[in-house]
K.L.:
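The structure under discussion is supplied below as structure tokens; questions concerning it will follow.
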Amino acid sequence: MHIDEIANVGWQSPGIGVPAVPSASRLPPSATHGLLSIPLQTMDSWIFWFLLLQSIFQFPQPVGDGIDDATRQRMEAWAKLQEEERMRLELEVERLILKQGVWDWGDLVYSALWFGRQEHEEENDHVNEEEGRFVEGNEEGAANAQVDDRNEGDEGNGDNDVHGEENNNDDGNAQEVAAHAQVHAGVEVDEHVLADNIGRMVMERIQWPVQDLLSGCQWTTDVMKDFARFFRRVLSDTFYPVLQEAIGVGSAFEGWSPREQDVVYQVLVPMTPPRGHSFHLELDTAGQRRVRNFRVRVQQECTCGEAQRGKDMLCFLHQPEEELRAKQDPSLVDTLCSDSYLDVHKTARWFYQLVRAVWPALLQSHCWRLVMLPSKRSCQFQVTNGRDTFRIEILFGVRQDDTDVFVSSEPREAYTCSTVWPESYAVAEVKFLKYMTRRAPYGSLHLKCLQFFIRLQLGLGFSTYTIKTIVMHLLNVIPESQWRRRDFVSRLLDISESLRTCVEERCLYHFIVGNRRLPGVIHLPPDVQMATYYNLFHDLEMDPIAHSQAMSQYVDLYRSLRRIIDNED
């Protein structure tokens with residue numbers, strides 16, 4: 001198609017454009033160099049059509065002097081609407097010219113216009129009919145006004161005629177408003193059609209993983225419920241921790257996964273103290289500046305009153321040790337603790353043995369084969385039935401009061417002491433993402449945006465948690481209705497721009513710590529909610545070399561994103 005024909009197609013639908021992207025002033029230099037290479041013929045075509053429309057709007061043809069006040073008022077109102085439309089078109093031309101440097105205009109936009117052309121032509125025909133009726137209404141209104149003037153002179157019913165003229169004006173204004181609303185409705189429909197087709201084409205260029213996370217999460221949930229029933233029976237008369245129902249955490253239970261082949265279904269098993277014991281969380285401040293670590297001190301409690309009420313239990317504090325060893329199981333302090341602090345490594349080994357011992361009693365053991373995997377701070381195993389394979393990781397945690405924040409066995413650093421339990425926000429984060437998914441309209445792609453960007457940055461140096469944090473921040477401020485397919489490219493650019501800004505400013509705040517704008521369904525301890533913001537990019541502040549490397553990594557990521565959007569090899 002000739003470039004003038006493409007321009008004509010574009011001007012048939014004023015207001016059509018790709019989803020909004022960050023302004024050129026906020027994009028990196030590599031994103032704006034294309035603005036200098038727009039073909040002169042394309043620019044001349046846009047300017048020609050813009051000046052033609054501008055001349056029509058600014059210099060309307062005269063219609064004669066024989067018009068009444070009512071018609072003049074309607075014409076002035078219509079001229080005002082035309083002036084507003086002209087200003088909107090000017091802004092649209094500036095935006096489209098800017099996008100010519102960012103998008104492959106010939107391939108991307110024209111293709112999207114072609115898909116929505118039929119619907120657009122039908123809308124134009126409908127609007128033209130309405131405009132024709134509007135002109136006829138103006139002519140009839142002028143004629144009626146003249147008849148009313150003659151009636152006023154002949155019959156003397158001035159009051160009635162004035163009311164009739166006002167009603168006629170109201171009808172004319174209503175027609176004008178209706179026609180104007182229909183024009184804008186057509187523009188909005190065309191914009192949505194165009195943006196939706198662009199989003200569809202970009203999504204088709206992405207190689208999405210073929211995963212059935214829902215079935216894997218459901219299988220994991222079911223097997224953990226079966227484990228929990230046997231755990232309660234086996235541990236009912238012991239002094240090991242009481243295991244509560246598992247909570248699905250991590251990417252799979254949030255609805256996305258960074259990799260297709262090695263999906264890990266992660267669950268957190270809350271632990272409560274057994275009879276005659278209590279847990280006390282102690283903040284570990286040794287060498288800690290930003291990450292909060294805790295120790296779980298296990299304290300024995302007096303149970304002499306239990307014996308008086310007929311319960312078969314000896315008091316660990318007031319009974320002789322010889323009698324305790326002869327008649328009662330060991331205390332938790334003597335089994336899973338080191339210096340009265342709950343030991344992660346001992347707990348993991350104990351749970352490992354527990355899972356392996358209980359597995360043959362489960363119905364799943366008849367069809368699935370269990371393979372235990374080595375791990376120091378969790379219990380990991382893999383199950384397979386010859387067709388499907390699931391890898392499950394069980395973490396242990398102690399809840400902070402009645403909140404969604406735990407201290408867990410998940411390691412936060414390369415080496416974590418066996419009695420250190422880092423503070424975990426995994427439950428709060430999965431609750432937030434599930435909450436947003438429930439509120440999102442049908443067809444929302446917020447999880448697709450998250451999964452795509454995390455897969456895009458693999459191998460480029462940014463952590464998965466960094467991208468997830470940025471997406472959660474955007475979900476908290478961008479309405480749920482603006483994450484549909486027609487917004488897909490805009491949201492990808494928002495994520496990219498947010499990452500660039502955070503790297504440049506060396507600052508990315510943690511989503512949970514210090515966030516006072518979380519939904520009410522998420523419950524945080526007061527010291528977490530009111531805490532000072534925790535900067536995930538603290539290392540970039542302290543290390544200029546790391547900051548320079550991060551900027552270089554962002555440029556590589558941005559170029560990869562552009563190649564996918566522009567459909568480049």
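Here the structure is a predicted model, which means the values were calculated and not measured.
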K.L.:
Give a yes or no on whether the ring-centroid distance for Phe351 and Tyr240 is below 6.0 angstrom.
P.N.:
no
K.L.:
Using side chain to side chain donor-acceptor pair (under 3.5 Å), reason through Ser378 and Glu410 one step at a time and then give a plain yes or no.
P.N.:
CA-CA 7 Å; Ser378 64; Glu410 184 177 10; over 6 Å; no
K.L.:
Show the numbers, then the answer: is there a salt bridge (Lys or Arg N to Asp or Glu O under 4.0 Å) between Glu480 and Arg439?
P.N.:
CA-CA 7 Å; Glu480 299 88 346; Arg439 287 172 54 91; 2.7 Å; yes
K.L.:
So, does His547 use its side chain to make a donor-acceptor pair with the main chain of Arg506 at under 3.5 Å?
P.N.:
no
K.L.:
When the ring centroid of Trp368 is compared with that of Phe390, is the distance short of 6.0 Å?
P.N.:
yes
K.L.:
Taking all non-hydrogen atoms of both residues, which atom of Ala252 and which atom of Val263 are closest, and how far apart?
P.N.:
CB-CG1, 4.1 Å
K.L.:
Return the CG to CD1 distance between Leu456 and Ile564, rounded to the nearest 0.5 Å.
P.N.:
5.5 Å
K.L.:
Examine distances only and state if a side-chain atom of Asp404 and a backbone atom of His523 form a donor-acceptor pair shorter than 3.5 Å.
P.N.:
yes
K.L.:
Check the side chains of Asp343 and Thr419 for a donor-acceptor pair under 3.5 angstrom, ignoring hydrogens and angles.
P.N.:
no
K.L.:
Can you find a pair of side-chain heavy atoms, one from Ser251 and one from Lys468, that are under 4.5 Å apart?
P.N.:
no
K.L.:
Is there a side-chain contact (heavy atoms from CB on, under 4.5 Å) between Leu373 and Gln382? Walk through the geometry before answering.
P.N.:
CA-CA 7 Å; Leu373 304 175; Gln382 183 173 289; 4.3 Å; yes
K.L.:
Counting distance only, does the side-chain N/O of Gln380 pair as donor-acceptor with the main-chain N or O of Glu393 below 3.5 Å?
P.N.:
no
K.L.:
Within the structure provided, determine whether Pro273 and Phe279 are in side-chain contact (heavy-atom separation under 4.5 Å).
P.N.:
yes
K.L.:
Begin with the C-alpha distance, continue with both residues' side-chain angles, and end with the deciding distance and a verdict on side-chain contact (heavy atoms from CB on, under 4.5 Å) for Leu445 and Trp483.
P.N.:
CA-CA 6 Å; Leu445 297 177; Trp483 292 85; 5.7 Å; no
K.L.:
Are any side-chain N or O atoms of Asn476 and backbone N or O atoms of Met472, one a donor and one an acceptor, separated by less than 3.5 Å?
P.N.:
no
K.L.:
For the residue pair Pro422 and Arg377, what are the closest heavy atoms and their distance?
P.N.:
CD-NH2, 3.7 Å
K.L.:
So, Asn515 versus Gln529: side-chain donor-acceptor pair below 3.5 Å or not?
P.N.:
no
K.L.:
What verdict does the side-chain contact (heavy atoms from CB on, under 4.5 Å) test give for Lys434 and Glu254, after you've listed the backbone C-alpha separation in whole Å, the side-chain angles of each residue and the deciding distance to 0.1 Å?
P.N.:
CA-CA 7 Å; Lys434 286 184 176 180; Glu254 292 169 347; over 6 Å; no
K.L.:
Is there side-chain contact between Ile467 and Thr469, with heavy atoms separated by less than 4.5 Å?
P.N.:
no
K.L.:
Please name all residues satisfying side-chain contact (heavy atoms from CB on, under 4.5 Å) with Tyr533, sequence neighbours left out, ordered by chain then number.
P.N.:
Tyr509, Arg516
K.L.:
Less than 3.5 Å apart, any donor N or O on the side chain of Ser338 or His345 sitting next to an acceptor on the other?
P.N.:
no
K.L.:
Determine yes or no for a side-chain-to-main-chain donor-acceptor pair under 3.5 angstrom, with Ser560 supplying the side chain and Asp556 the backbone.
P.N.:
yes
K.L.:
Between Phe253 and Thr220, is the side-chain contact (heavy atoms from CB on, under 4.5 Å) condition met? List the steps.
P.N.:
CA-CA 10 Å; Phe253 281 92; Thr220 303; 4.1 Å; yes
K.L.:
Could you tell me if the side chain of Arg491 sits less than 4.5 Å from the side chain of Leu474, heavy atoms only?
P.N.:
no
K.L.:
Would you compute the distance between atom CG of Asp212 and atom SG of Cys217 and round it to the nearest 0.5 angstrom?
P.N.:
9.5 Å
K.L.:
Will you find, in the side chains of Ser498 and Thr501, an N or O donor that is under 3.5 Å from an N or O acceptor?
P.N.:
no
K.L.:
Between Ser424 (side chain only) and Ser408 (backbone N and O only), is there a donor and an acceptor less than 3.5 Å apart?
P.N.:
no
K.L.:
Looking at Thr403, is its backbone amide N or carbonyl O close enough to the side chain of Asp401 to form a donor-acceptor pair, meaning the two atoms are under 3.5 Å apart?
P.N.:
no
K.L.:
Do Asp226 side-chain atoms and Leu362 backbone N/O form a donor-acceptor pair below 3.5 Å?
P.N.:
no
K.L.:
Salt bridge between Arg484 and Asp487, side-chain N to carboxylate O under 4.0 Å?
P.N.:
no
K.L.:
If you measure from OG on Ser552 to CG on Leu557, what distance do you get to the nearest 0.5 Å?
P.N.:
11.5 Å
K.L.:
Measuring from atom OG of Ser365 to atom CG of Leu370, what distance do you get when rounded to the nearest 0.5 angstrom?
P.N.:
9.0 Å
K.L.:
Taking all non-hydrogen atoms of both residues into account, name the closest pair between Leu524 and Val528 and its distance.
P.N.:
CD1-CG1, 4.5 Å
K.L.:
Check whether any side-chain N or O of Arg295 sits under 3.5 Å from a backbone N or O of Val420 as a donor-acceptor pair, and report yes or no.
P.N.:
no
K.L.:
Under a plain distance cut-off of 3.5 Å, with no hydrogens placed, do Thr466 and Ser463 share a side-chain donor-acceptor pair?
P.N.:
yes
K.L.:
Within the structure provided, determine whether Lys448 and Trp256 are in side-chain contact (heavy-atom separation under 4.5 Å).
P.N.:
no
K.L.:
Given Tyr265 and Thr221, is the side chain to side chain donor-acceptor pair (under 3.5 Å) satisfied, shown in steps?
P.N.:
CA-CA 10 Å; Tyr265 296 91; Thr221 300; over 6 Å; no
K.L.:
If you define the side chain from C-beta out and look only at heavy atoms, does anything of Ile522 sit under 4.5 Å from Tyr435?
P.N.:
no
K.L.:
So Leu395 and Val269, do their side chains get closer than 4.5 Å, heavy atoms only?
P.N.:
no
K.L.:
Is Asp527 paired with Arg292 through a side-chain N to carboxylate O contact shorter than 4.0 Å?
P.N.:
yes
K.L.:
I'd like to check Val383 versus Trp359 (side-chain heavy atoms, cut-off strictly below 4.5 Å). Are they in contact?
P.N.:
yes
K.L.:
Please report the interatomic distance CG(Leu447) to CG(Leu475), rounded to the nearest 0.5 Å.
P.N.:
8.0 Å
K.L.:
Could you state the interatomic distance from CG (Leu243) to CE (Met271), rounded to the nearest 0.5 Å?
P.N.:
7.5 Å
K.L.:
Does anything in residues 451-482 pair up under ring pair (Phe, Tyr, Trp, His ring centres under 6.0 Å), and if so which pairs, sequence neighbours excluded?
P.N.:
Tyr465-His510, His473-Phe511
K.L.:
So, does Lys346 use its side chain to make a donor-acceptor pair with the main chain of Cys337 at under 3.5 Å?
P.N.:
yes
K.L.:
Glu282 and Tyr341: side-chain donor and acceptor closer than 3.5 Å?
P.N.:
yes
K.L.:
Surrounding CE of Met530 (heavy atoms of other residues, nucleotides or ligands, distance under 6.0 Å), is the total greater than 12?
P.N.:
no
K.L.:
What heavy-atom pair brings Tyr554 and Glu497 nearest, and what distance separates the two atoms?
P.N.:
OH-N, 4.5 Å
